[in-house]
Amino acid sequence: MVYVASPIADIDRMPRGGPDASCLDRLLETDRQEYLDRDDVDEDVKRSVVRALEWTGERFGNTENFARIALEEVADVADPKILELGAGHGGLSRKLLDWHPTAELTVTDVEPASVAKMAASDLGDNPRATVREMDATAIDAPDGHFDLAVFALSFHHLPPSAASRVFAEGTRAADKLVIIDLPRPPAPLHLLRLATMLPFTPFVPFLHDGFISSLRTYSPSALRALAEHADPAIDVELRGGLMNPQVVVATRR
């Protein structure tokens, strides 16, 4: 007999570890917001987190790795139109523009301060780049306008209902949606990761946000449930995880 998962009526009650999460895994999540998501946090603190994300992306090769993942998905497209959601500092879009001489990038973020900073940078001057304020849950573009939408290291910021809408919107506005995010390891390993970060969270904003990010990241089963909730016609391919970034490639049948 083939097992078919029943739809989740109230998606926001789903644990970050997914419908099949263990009791321990269900404890390893939080509704607490990162500094980046809070209105009561000094803008300098937020910018320090963004700078740290940009530095670590370059220093540890994440930006290049993410660009490679994205470009592999449009390798057969001569002049791809790529949408970056939640771009933050714009480092990934810069790398894509540098590596692909004919790609056109629409670089977006929901935060006006981030958009303004990117628009005032080299991205704003690049003729192949358009910098815009845009919500990943309500993409302002016609159906199939982009060859690829990519959302890197920001998906975990969203509650399940909004995350599900990203699947719906990303696969509507683009032929492919690539989500790259932190992995959610098995609960014992997750506890170990959290324990190594916890002592530094009161003093280092980047680690404060990283600790909360780890608690809010989605498991593979949660990602499948989010896509199913968005539209049963969405297919997802999952790669990576555990010690490597978690990669989701979503398309519509």
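Please read these numbers as outputs of a predicted model, since none were measured by experiment. In this chain, residues are counted from 1 in sequence order.
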query: Considering all heavy atoms of both residues, which atom of Thr108 and which atom of Met134 are nearest to each other, and what is their separation?
result: CB-CB, 3.7 Å
- prompt: For the residue pair Phe167 and Phe155, is the inter-centroid distance of their aromatic rings smaller than 6.0 Å?
  reply: yes
query: Would you find a donor on one side and an acceptor on the other, under 3.5 Å apart, between the side chain of Thr251 and the backbone of Asp175?
result: no
Name the atoms and distances for all side-chain donor-acceptor pairs under 3.5 Å in residues 57-66, with sequence neighbours left out.
| unit_1 | atom_1 | unit_2 | atom_2 | d |
| --- | --- | --- | --- | --- |
| Thr63 | OG1 | Gly57 | O | 3.4 |

- request: Could you verify whether a donor N or O on one side chain and an acceptor N or O on the other, from Glu34 and His156, lie under 3.5 Å apart?
  value: yes
- request: Please name the pair of heavy atoms, one in Met14 and one in Pro160, separated by the smallest distance, quoted to 0.1 Å.
  value: O-CG, 4.2 Å
message: Please report the interatomic distance CD1(Ile212) to CG(Leu194), rounded to the nearest 0.5 Å.
response: 11.0 Å
- prompt: Taking ILVMFWY side chains as joined if any heavy atoms are under 4.5 angstrom apart, and letting links pass through other members, which residues group with Val41?
  reply: Tyr35, Val45
query: Looking only at atom types and distance, does a side-chain atom of Arg128 sit under 3.5 Å from a main-chain N or O of Ala103, one as donor and one as acceptor?
result: yes
- prompt: Is there a donor-acceptor pair closer than 3.5 Å between any side-chain N or O of Ser164 and the backbone N or O of Ser161?
  reply: no
Lys117, NZ atom: more than 12 neighbouring heavy atoms under 6.0 Å: no
Enumerate, atom names and distances included, each donor-acceptor pair closer than 3.5 Å involving a side-chain atom of residues 84-94, sequence neighbours excluded.
| unit_1 | atom_1 | unit_2 | atom_2 | d |
| --- | --- | --- | --- | --- |
| Glu84 | OE1 | Ser93 | N | 3.3 |
| Glu84 | OE1 | Ser93 | OG | 2.5 |
| His89 | ND1 | Gly91 | N | 2.9 |
| Arg94 | NE | Asp122 | OD1 | 2.9 |
| Arg94 | NE | Asp122 | OD2 | 3.3 |
| Arg94 | NH1 | His89 | O | 2.8 |
| Arg94 | NH2 | Ser121 | OG | 3.0 |
| Arg94 | NH2 | Asp122 | OD1 | 3.3 |

- prompt: Ion pair present between Arg239 and Glu73, side-chain N to carboxylate O less than 4.0 angstrom?
  reply: yes
- request: Any chance you could measure Met197, atom CE, to Asp209, atom CG, to the nearest 0.5 Å?
  value: 9.5 Å
- request: Grab the two heavy atoms, one from Asp79 and one from Asp147, that are nearest each other, plus how far apart they are.
  value: O-OD2, 4.1 Å
message: One pair to check against side-chain contact (heavy atoms from CB on, under 4.5 Å): Leu153 and Asp181. What are the steps and the verdict?
response: CA-CA 4 Å; Leu153 296 185; Asp181 212 346; 4.2 Å; yes
- request: Please indicate whether Arg32 has more than 12 foreign heavy atoms, meaning atoms of other residues, nucleotides or ligands, lying under 6.0 Å from its CZ.
  value: no
query: Considering all heavy atoms of both residues, which atom of Ala250 and which atom of Ile234 are nearest to each other, and what is their separation?
result: CB-CG2, 4.0 Å
- prompt: Can we say Arg51 and Glu54 salt-bridge, meaning some charged N sits less than 4.0 Å from an Asp/Glu carboxylate O?
  reply: no
